[in-house]
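Values below: every heavy atom of this structure, side chains too, minus hydrogens, waters and symmetry copies. Within every chain, numbering begins at 1; the chains are lettered A, B, ... in the order of the sequence lines, protein sequences first and strands thereafter.
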Amino acid sequence: MEALLEGLNDAQRAPVLQKDGAMMVIAGAGSGKTRVLTMRIAYLMQQGVDAFNILSLTFTNKAAREMKTRIGTIVGNSEAKNLWMGTFHSVFAKILRIEGHHLGFPPNFTIYDSQDSQRLISAIIKEMGLDKDIYKYKQVHSRISSFKNSLITVKAYYQNPELMEADAMAKKPRMGDIYKEYVDRCFKAGAMDFDDLLLRTNELLARFPEVLAKYQKRFQYILVDEYQDTNHSQYLIVKALADRYQNICVVGDDSQSIYAFRGANINNILNYQKDYEDVKVYRLEQNYRSTKNIVEAANSVIEHNKTKLDKIVWTANDNGPKIIVHRSLTDGEEGRYVASTIFEEKMNKQLKPSDFAILYRTNAQSRAMEDALRKREIPYRIFGGLSFYQRKEIKDVLAYLRVLTNPNDEEGLKRIINFPARGIGATTIDRLVIASKQYNKSIFEVMENIQHIEIQINNSTKNKLYNFVNMIKSFQITAENADAFVTAEEVARKTGLLQELKKDGTPEGIARIENIEELLNGIRDFVEGQKEVADATGSLAEFLEDVALATDLDKEVDDVDRVSMMTIHLAKGLEFPYVFVVGMEEDLFPSGMSMNTRSELEEERRLFYVALTRAEHQAYLTYTESRYRWGKLIDAEPSRFIEEIDESFLDIQTPMESYRYKPLVDTDIFGEPDKSKLRLKKPIAGSAPTVGKPSADQLQKLRKLRPQGSSTPPLQTDDLNGNLKAGSRVEHNRFGHGEVLGIEGIGQDQKAEIRFQTGGIKKLLLRFAKLKILE
DNA sequence: TGCACCGATGTTTTT
DNA sequence: CATCGGTGCA
């Protein structure tokens, strides 16, 4: 026990030692709150609290896993495994699997991801004959989502004149009808969307006192991390569960609340003291993570926010280097700056790639960074964005698995019913949907009974449907007798998905096949892994739930040491020695969508605070003068957040003033500069300028804007392919070594014909192929 | 019914 | 620039 408390400072120790009652830990960035949570749980267990009686809600499943492991080393692994730990969504999905039948849901209900929800909403809008330009499916989805997160059910909506009026004013008087149809359809499909996992849990606890009592008794001690980012729905769940024992510990930092856009309510933490009796408040204000420069710079930024709790974050760490502010001409150059800085720092200071992180506001920004890192041959990993599980081929395989697990899953079914093509077209599907409404059955049930119902479908199509149903049923039989891996493999083979891809033979097709193989491997690993988990069976349903709720951070990582790239949102809770925050520009960060109200802007500022405080040793802020956005080069100006940092913490490599002397050539008065031209030309340093107006890259050279002290070598332009010619030896990460036989096409369409040692001649689009030139 | 092409349209962040 | 839905042809 003593050992457990060692290494905690007084402030950290106090909340660990308070065993009972309601408490709140206001924890500044880098103050060791994860440590406190971990130790508190370990301490509870050492005091004799049964692991089964502890519920710990974390922000990512990865965080939960890591905490479990750490607790395991203190109290023993077998005990630690019994802890209920995970995100709100995953913990309550598990509970809903057990208790959902009270609400009429099957235990194997499907979890719809955002795309499923949006497709369904889209279909509903169309079926209702509404104008899709007025009822935009994304807007409708986010509105429905916010209803759910505020616990406004369809019934509550219709009883709320204000809401209905607001929608009527927005020219969407049928909003409620769409909402109703959407909820009905999800229910009929045996599906819950992300918001349902919380909303339905609330419904369950509210409507079934015996269920509430069961879980109240079970969860005698509740801990919630990142409480500042809980929404109303989550708040109520916690409140209901904690009501009996009131042993609740919430941890959070109001300065790091960055999820208002998905309903997070900062008042949950600001008003916490009113919600429970005799709340003890602890503050962790000493930052162990970052240098003085970073901590104080971050403080100086967050000062600009009006809404916040009193808290002073300080550190006893060294001053450290100042924050480097760097300006680039374009996003391409920004990428090159970041890549070469990483390259040099890594060399000079003997650092690993994993010591660096590149953080950005929007996923789209990863592109330029990726290109630059790849050229420098710096290994990187992108978190978020288009995740593996969102790729089409993966979603297709998963859709089959979903449907065989839950045949009523409408969105899954629509995805695969005619893919690969089997002659079941749009009209047939429409008629099935109509019949399913008419008979109040799911589409699959309609198909099963197609012979016995009246439907306008000809016999040959009926036969095709019959075959499809039989195929799914045969998969179900496999699933009953074999594990998830075997089932998935059979699906991939028998549906013809793999054949479909094999026959197209393009590099993209091959990549897709490999992705599917990777998915199968993933399933196998999962099945293996589940054997060690207490109450798991390794079933397909478990796998699908895991996939649906996995954060990108949860992904298994390989052992290659890499630079991390992710949005700032995803970086919350993480730390890196060297952090680049790129795209520090008005309209991008703060986002143009979030500058309209004070509260939105303050959230952006908190986001910046989060970004800065990820850095342990050195932070870099970069911005550009112009950047490609929606395909066009547009002007940019430095983010106000840079100015908000007390200047004494900054090392401004490119003085802001010089920005004003920007020559006007930059924004092309003749028309927009064409990106393809930038890519096309092959300016080896010193080559004669191409005819016509100077390109951005040439301008860059002409103007010699590069700051003193930057040791960035004058890299060649984007064009790696410039050196590629017949006879070149190249390496491809998938196909291995090969020899270029010829080049054809220009610009975006340029292809190289390559003979690979592994056999086979392939034509690769240079735009996609990641070729390394060997000689 | 299936497929290829076209233009319109939208881009913040995520479970 | 990327995705989506619609259109027109086989």
Reckon Thr567(A) has a side-chain N or O less than 4.0 Å from the OP1 or OP2 of dT12(B)? no
note: Tyr135(A), atom OH; dG5(C), atom P; distance rounded to Å ~ 19 Å
Taking only Lys NZ, Arg NE, NH1 and NH2, and the carboxylate oxygens of Asp or Glu, determine whether Asp331(A) and Arg367(A) approach each other closer than 4.0 Å. no
Is Phe261(A) stacked on the base of dT12(B), meaning ring centres closer than 5.5 Å and planes within 30 degrees of each other? no
Do the charged groups of Arg402(A) and Glu411(A) touch, with an N to O distance under 4.0 Å? no
Among dT1(B), dT11(B), dC4(C), the one nearest Tyr137(A) by side-chain distance: dC4(C)
Tell me whether the OP1 or OP2 atom of dG10(B) has a side-chain N or O from Lys136(A) closer than 4.0 Å. yes
Send over the distance from Arg627(A) CZ to dT11(B) P, rounded to a whole Å. 19 Å
Do the numbers put Lys392(A) on top of the ring of Phe419(A), so that NZ or CZ is under 6.0 Å from the six-membered ring centre and no more than 45° off the axis? yes
Phosphate OP1/OP2 of dT13(B): any Ser591(A) side-chain N/O under 4.0 Å: no
Check every atom of dG5(C), dT11(B), dT12(B) against the side chain of Lys138(A) and return the nucleotide holding the closest atom. dT11(B)
Quick one: is dT12(B) close enough that its OP1 or OP2 comes under 4.0 Å of any side-chain N or O from Arg629(A)? no
Please report the distance separating the P of dC4(C) from the corresponding atom of dT13(B), rounded so that it comes out in whole Å. 16 Å
dG2(B), dG10(B), dT1(B): which one has an atom nearest the side-chain heavy atoms of Ala421(A)? dG2(B)
Let me know the distance between CZ of Arg262(A) and P of dT14(B), rounded to the nearest Å. 9 Å
Can you find a side chain N or O atom of Asn418(A) that sits less than 4.0 Å from OP1 or OP2 on dT1(B)? no
A cation-pi test, strictly: NZ or CZ of Arg605(A) under 6.0 Å from the centre of the six-membered ring of Phe608(A) and no more than 45 degrees from its axis. Yes or no? no
Counting only side-chain heavy atoms from C-beta out, which of dT12(B), dG6(C), dT1(B) sits nearest to Lys132(A)? dG6(C)
Please determine whether any donor N or O and acceptor N or O are separated by less than 3.5 Å between the side chain of Ser594(A) and the base of dT12(B). yes
